[in-house]
Amino acid sequence: VQLQASGGGLVQAGGSLRLSCASSGSIFGIYDMGWYRQAPGKQRELVATITSGGNTHYEDSVKGRFTISRDNGKKMVYLQMNSLKPEDTAVYCCTAEVATPQAINVRRYYWGQGTQVTVSS
């Protein structure tokens, strides 16, 4: 199972970016999906998650600015980021809870490689 994140870049404060994450490989089912971020010198933190049924959860600092969504048919998860702030600068990683055909009752989390988001003031 591989996760490939894309869409990061350099943007001015107040701008927007849309991150995408594609899942591929031997997949039976995808359950929870999410985005985490890690800024230099800081611990990794949860940004947003979404269940297979579409229930979402956001870290307090991004509520009202970021929107997580998914396309189950395409095995994709997205993060629309609006009103970006310099403190949103970080490497953003996607994650997915996956069951493979070889073990349909076993779920484990897989991680993408991350995409850099830089917000200038």
Side-chain angles (χ1 to χ4, degrees):
V1 177
Q2 297 83 38
L3 300 180
Q4 181 72 43
S6 61
L10 173 63
V11 64
Q12 288 189 331
S16 298
L17 283 174
R18 187 188 192 219
L19 305 184
S20 299
C21 178
S23 307
S24 62
S26 183
I27 296 173
F28 173 78
I30 302 178
Y31 306 96
D32 289 354
M33 304 183 83
W35 291 92
Y36 284 73
R37 65 186 179 186
Q38 186 165 19
K42 295 186 177 181
Q43 289 189 335
R44 184 175 64 192
E45 66 174 356
L46 171 68
V47 177
T49 60
I50 184 168
T51 68
S52 56
N55 293 320
T56 59
H57 170 80
Y58 296 94
E59 193 268 330
D60 285 345
S61 69
V62 308
K63 285 181 180 177
R65 301 188 298 122
F66 290 11
T67 302
I68 188 170
S69 61
R70 63 191 288 170
D71 184 325
N72 291 329
K74 294 182 179 180
K75 301 176 184 175
M76 300 279 295
V77 63
Y78 307 96
L79 186 68
Q80 177 66 44
M81 305 186 293
N82 298 328
S83 303
L84 282 161
K85 304 176 180 179
E87 50 264 43
D88 294 318
T89 295
V91 174
Y92 285 70
C93 296
C94 56
T95 183
E97 184 187 25
V98 176
T100 63
Q102 295 77 19
I104 62 174
N105 294 318
V106 178
R107 303 179 184 183
R108 59 160 290 190
Y109 282 91
Y110 292 83
W111 293 81
Q113 86 292 353
T115 184
Q116 176 70 46
V117 172
T118 303
V119 184
S120 62
S121 58

Say you draw a straight line from [atom1] of [X] to [atom2] of [Y]; how long is it, rounded to the nearest 0.5 Å?
X	Y	atom1	atom2	value
Q4	T115	CD	OG1	9.0 Å
Y31	T51	OH	OG1	12.5 Å
I50	Y58	CD1	OH	7.0 Å
Y78	S6	OH	OG	9.5 Å
L79	M33	CG	CE	12.0 Å
R37	C93	CZ	SG	12.5 Å

Practice item. Please assess V1 against Y109 for the test side chain to side chain contact (heavy atoms under 4.5 Å, CB included), listing each intermediate value before the final yes or no. Key: CA-CA 10 Å; V1 177; Y109 282 91; over 6 Å; no
Atom of [X], atom of [Y] and distance for their closest heavy-atom approach:
X	Y	value
Q116	V91	OE1-CG2, 3.2 Å
I30	A96	CG2-CB, 4.1 Å
N72	S52	ND2-O, 3.6 Å

Any non-hydrogen side-chain atom of [X] less than 4.5 Å from a side-chain atom of [Y]?
X	Y	value
V98	S23	no
M76	S20	yes
M81	D88	no
H57	T49	yes
S24	K75	no
V77	I68	yes
T100	F28	no

Side-chain donor/acceptor of [X] to backbone N/O of [Y], under 3.5 Å:
X	Y	value
T89	V119	yes
S83	R65	no
T95	Y110	yes
R70	D32	no
Q38	A90	no

Exercise for review: Taking atom CD of Q102 as the centre, report whether more than 12 heavy atoms of other residues, nucleotides or ligands fall under 6.0 Å from it.
Suggested key: yes
